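All values reported here derive from a predicted model rather than from experimental measurement.
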Amino acid sequence: MKRSIRLFTVSALAAGIAACGGGGDGSSTGSTGTVSFDVTDAPAMEFSDVTVSFTGISLKPVDGEWVKFSFDEPKTWNLLELQGGMSEPLITEEEVPAGDYSQLRLLVNTEELASYVVLKDQPDVKKSLAVPSGTQSGLKLNGDFVVAADTQTDFTIDFDVRKSIVNPQGQSLADYLLKPSLRLVNNLEVGSITGEVDYATINSTRLSNDELANCSEDYAGAVYVYQGTDVTPTDLNVDSEGVQPIMAVPVKDEDLDGIYNYTAAFLVAGDYTISYSCQLDNNETDDELDFEGTQNVSVVADTETEADPIPLPQ
């Protein structure tokens, strides 16, 4: 049975991250508010390191000029360390015009190997990561947000590495390209989903049944999260115009007790479908994945919701 755990204290999910001010109508001419922007990551699978170096952030008021912040030194992080509710600050409590905003841009350091990736199967090799227009127009995120007057407003940018990094064919600027998939979420609206996966049982069942696809070798699988209820699960394909998961979260056995866990963080309050697959998924192709444990989960703001264990109880 699902159960929700109310977070009465500042948790890892909420600490230092997003809070979207309400009540703004864009008419607060002359007034100001303060903002903070942090960056986090939805988990990836094939990489052991995805390091991105940021040099600044710009915000676009609906009725004003760009508000730009350049960092004295690049802010460089392995985004794979910013998962499960962790984040790092881009700017903190900076004063900006209050009102409605329509866009933000992240500027990225384009110096050689300032940003790079490392594959799990090539741990000693840094692969170059190029960001077209990284120091000019930057990584763009379109969408409305509000900075409330005389209020601290904190946002988090969810930087989905799995959807963002593509392996280009033929000649390219680098080994990999960064075509970002960004979400802007806020602390007053986000919660998380946690759960358990009995991978050993799932793997054993599939190995002993010729009608079931085997789990991929050396891979414990991932939980896919979809917006809305009763969604038919599909693989991740950045080129597809069909239903796409918001994120695919690899499961981990951190306690080495045979039971795998996952946390899908920074989800806006609402209804979701989750499902599990133990087959590898290429983010640029259509893959035939077997899903199980499909269920609906409601996310409540500032709440950690525990899903039913997978496989689902009989």
For the atom pair [atom1] ([X]) and [atom2] ([Y]), what is the distance rounded to the nearest 0.5 Å?
| X | Y | atom1 | atom2 | value |
| --- | --- | --- | --- | --- |
| N186 | T153 | CG | OG1 | 10.0 Å |
| F145 | S102 | CZ | OG | 7.5 Å |
| L59 | L141 | CG | CG | 11.0 Å |
| D308 | I274 | CG | CD1 | 8.0 Å |
| K120 | D49 | NZ | CG | 12.0 Å |
| E288 | Q279 | CD | CD | 10.0 Å |

[X] side-chain N/O to [Y] backbone N/O, donor-acceptor pair under 3.5 Å:
| X | Y | value |
| --- | --- | --- |
| T273 | V231 | yes |
| S298 | G270 | no |
| T40 | L82 | yes |
| Q244 | N237 | yes |
| S277 | L289 | no |

Quiz prompt | Name of the residue among L113, T51, D175, V52 meeting side chain to side chain contact (heavy atoms under 4.5 Å, CB included) with L129 | solution =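 Only one option passes, and that is V52.
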
Practice problem: Have a look at T34 and tell me which of E94, E95, E93, Q152 forms a side chain to side chain donor-acceptor pair (under 3.5 Å) with it. | Solution: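 It is Q152; the other options fail the test.
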
Quiz item: Are the side chains of F291 and T234 in touch, meaning some heavy atoms are under 4.5 Å apart?
Solution: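 Counting from C-beta outward, F291 and T234 never come under 4.5 Å.
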
Practice problem: Could you tell me which residues satisfy side-chain hydrogen bond (donor to acceptor under 3.5 Å, both in side chains) with D235, sequence neighbours excluded, listed by chain and number? | Solution: none

Quiz item: For E292, what residues pass the side-chain hydrogen bond (donor to acceptor under 3.5 Å, both in side chains) criterion, not counting sequence neighbours?
Solution: R206

Quiz prompt | Shortest non-hydrogen contact from I202 toward C215 | solution = CG2-SG, 4.3 Å

Side-chain polar contacts of residues 247-262 - donor-acceptor pairs under 3.5 angstrom, sequence neighbours left out - could you list them?
{"unit_1": "D253", "atom_1": "OD1", "unit_2": "L256", "atom_2": "N", "d": "3.0"}
{"unit_1": "D253", "atom_1": "OD1", "unit_2": "D257", "atom_2": "N", "d": "3.1"}
{"unit_1": "D253", "atom_1": "OD2", "unit_2": "G258", "atom_2": "N", "d": "3.0"}
{"unit_1": "D257", "atom_1": "OD1", "unit_2": "I259", "atom_2": "N", "d": "3.0"}

Quiz item: In this structure, which one of F37, Y101, F266 forms a ring pair (Phe, Tyr, Trp, His ring centres under 6.0 Å) with F155?
Solution: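 It is F37, the one option of F37, Y101, F266 that forms the ring pair (Phe, Tyr, Trp, His ring centres under 6.0 Å) with F155.
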
